[in-house]
There are 2 protein chains.
Amino acid sequence: MHDTFVSNPSFFKLDATLKKIRNYWQKNFDARQMDITVDQWLLIENLYKHKRITHNELARLTSKDITTVSRIIELLVKKDLVERQGSTDDRRKVFVQLTPQGVNKYKDVRPLVLEMRKTGWNNLSERDYNELTRILDVIYANIP
Amino acid sequence: MHDTFVSNPSFFKLDATLKKIRNYWQKNFDARQMDITVDQWLLIENLYKHKRITHNELARLTSKDITTVSRIIELLVKKDLVERQGSTDDRRKVFVQLTPQGVNKYKDVRPLVLEMRKTGWNNLSERDYNELTRILDVIYANIP
DNA sequence: TAGCAATAGTTGTTATAGCAACTAATATTC
DNA sequence: GAATATTAGTTGCTATAACAACTATTGCTA
């Protein structure tokens with residue numbers, strides 16, 4: 001393995017790309033008055049898909065710290081997009097689900113997200129997508 | 001382009017991979033009492049390479065907001081790793097450079113960083129590295 | 001079954017990220 | 001050359017990230 005390869009700047013490149021995507025998403029959310037952040041969207045997306053899950057599961061699904069999830073959920077509850085329900089069989093658990101307004105928010109934002117994903121993948125093939133996925137998966141698995 | 005491709009979760013995967021790398025780096029920094037954060041390291045690395053630059057240039061080089069750079073530099077100054085010098089020809093500018101302790105910090109941390117980069121690229125080839133770089137560059141360029 | 005360990009979640013603290021508003025200095029333009 | 005625009009940097013604010021410490025509950029085990 002070459003030294004230039006070992007001392008590669010991929011961390012920087014990953015970080016820069018992610019920041020660019022995140023800023024682009026946020027600017028579009030703001031421009032269309034969606035009144036949510038990118039990470040709030042990620043939680044909404046998962047709640048739409050999984051209907052009714054705990055903070056813990058949501059944290060695992062989104063690769064977020066449970067404290068971060070707890071605080072984002074708090075903001076979403078304040079916006080009436082999400083509601084919490086204590087579990088009856090295990091009273092430590094708190095279930096979370098979208099309110100009707102939360103479901104509407106999902107449906108409002110979703111087309112914009114698809115559009116932006118398309119923009120990001122412009123000039124790239126499905127093979128490129130598979131390559132990126134494969135490489136990131138290997139890196140992820142390499143790290144203890 | 002397939003719908004599954006358009007609705008791909010690459011943002012999530014990028015985010016998850018970057019978090020894993022960042023946490024791994026931070027844990028190793030902490031374990032060896034390096035007393036810096038990952039982003040502080042990124043600034044130190046750039047300051048070592050460029051010797052004496054302004055906040056603005058540092059922000060551009062690291063893809064960070066200038067306010068973020070300003071605050072990280074503040075922390076590094078408190079640790080005596082970095083010193084600021086007002087420019088004489090343009091008194092708006094502030095030049096930043098490593099102190100001797102800052103240079104020592106770079107030399108202390110550098111081998112660990114190379115080791116961790118190697119770990120991340122385990123089971124991957126130089127071709128994979130070039131593919132990742134290419135794909136991320138295209139995504140970056142796609143986004144307005 | 002009493003004591004201890006593990007789990008779910010919250011709160012406090014520090015760091016990074018980005019926007020807006022601000023100061024100070026320099027550049028532009030009429 | 002004076003008014004205006006632009007640029008470099010700081011400060012205030014809100015959001016996300018991660019760790020530590022904490023409460024409440026549940027599970028395990030001697």
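Only a predicted model underlies this, so the values are computations on that prediction, with no experimental measurement involved. Note that these values count all heavy atoms, side chains included, but never hydrogens, waters or copies made by symmetry. The chains referred to below are lettered A, B, ... by the order of the sequence lines, with proteins before strands, and numbering in each begins at 1.
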### Task
Measure the distance from CD1 on A:Ile72 to P on C:dG9 and round it to the nearest whole Å.
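Between P of C:dG9 and CD1 of A:Ile72: 15 Å.
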### Query
What nucleic acid atoms does B:Asp30 come within less than 4.0 Å of, heavy atoms only: base, sugar-phosphate, or nothing?
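If one applies the 4.0 Å heavy-atom cut-off, B:Asp30 turns out to touch nothing in the nucleic acid.
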Check nucleotides 5-14 of chain D for protein N or O atoms closer than 3.5 Å to its own N or O atoms and list the pairs.
{"unit_1": "D:dT7", "atom_1": "O2", "unit_2": "B:Arg92", "atom_2": "NH1", "d": "2.7"}
{"unit_1": "D:dA8", "atom_1": "OP1", "unit_2": "B:Asn56", "atom_2": "ND2", "d": "3.2"}
{"unit_1": "D:dA8", "atom_1": "OP2", "unit_2": "B:Asn56", "atom_2": "ND2", "d": "2.6"}
{"unit_1": "D:dA8", "atom_1": "O5'", "unit_2": "B:Asn56", "atom_2": "ND2", "d": "3.3"}
{"unit_1": "D:dG9", "atom_1": "OP1", "unit_2": "B:Val94", "atom_2": "N", "d": "2.8"}
{"unit_1": "D:dG9", "atom_1": "OP1", "unit_2": "B:Val94", "atom_2": "O", "d": "3.2"}
{"unit_1": "D:dG9", "atom_1": "OP2", "unit_2": "B:Asn56", "atom_2": "N", "d": "2.8"}
{"unit_1": "D:dT10", "atom_1": "OP1", "unit_2": "B:Arg84", "atom_2": "NH1", "d": "3.0"}
{"unit_1": "D:dT10", "atom_1": "OP2", "unit_2": "B:His55", "atom_2": "ND1", "d": "2.9"}
{"unit_1": "D:dT10", "atom_1": "OP2", "unit_2": "B:Ser70", "atom_2": "OG", "d": "2.3"}
{"unit_1": "D:dG12", "atom_1": "N7", "unit_2": "B:Arg71", "atom_2": "NH2", "d": "2.7"}
{"unit_1": "D:dG12", "atom_1": "O6", "unit_2": "B:Arg71", "atom_2": "NH1", "d": "3.3"}
{"unit_1": "D:dG12", "atom_1": "O6", "unit_2": "B:Arg71", "atom_2": "NH2", "d": "3.4"}

### Message
Among residues 22-29 of chain B, which ones have heavy-atom contacts with DNA chain D below 4.0 Å?
### Response
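Nucleic-acid contacts, sorted: B:Asn23, B:Lys27.
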### Query
Excluding sequence neighbours, so at least two apart, what forms side-chain hydrogen bond (donor to acceptor under 3.5 Å, both in side chains) with B:Lys27?
none
### Pairs satisfying salt bridge (Lys or Arg N to Asp or Glu O under 4.0 Å), at least one member in residues 83-93 of chain B, at least two apart
B:Asp90-B:Arg92
### Query
OP1 or OP2 of C:dA17 less than 4.0 angstrom from a side-chain nitrogen or oxygen of A:Lys19, does that happen here?
yes
### Message
Tell me every residue that passes side-chain hydrogen bond (donor to acceptor under 3.5 Å, both in side chains) with B:Glu74, counting only those two or more places apart in sequence or in another chain.
### Response
none
### Query
Would B:Lys13 count as a cation-pi partner of B:Phe11, with NZ or CZ less than 6.0 Å from the six-membered ring centre and within 45° of the ring normal?
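No.
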### Task
Can you tell me the distance, in whole Å, between the CD1 atom of A:Ile73 and the P atom of C:dT11?
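That distance rounds to 14 Å.
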### Query
In whole Å, what is the span from the CG atom of A:Asp65 to the P atom of C:dA15?
17 Å
### Query
Among residues 33-48 of chain A, which contact DNA chain C at a heavy-atom distance under 4.0 Å?
none
## Note on the structure
A:Lys64 NZ to C:dG9 C1', in whole Å, measures 18 Å
### Query
For B:Thr88 and A:Lys20, take the nucleotide of DNA chain C holding the closest heavy atom to each; which residue's nucleotide lies nearer the 5' end?
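Nearest nucleotide further toward 5': that of A:Lys20.
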### Task
Using the six-membered ring wherever Trp is involved, compare the ring planes of B:Trp41 and B:Tyr106 and label them parallel, tilted or perpendicular (cut-offs 30° and 60°).
parallel
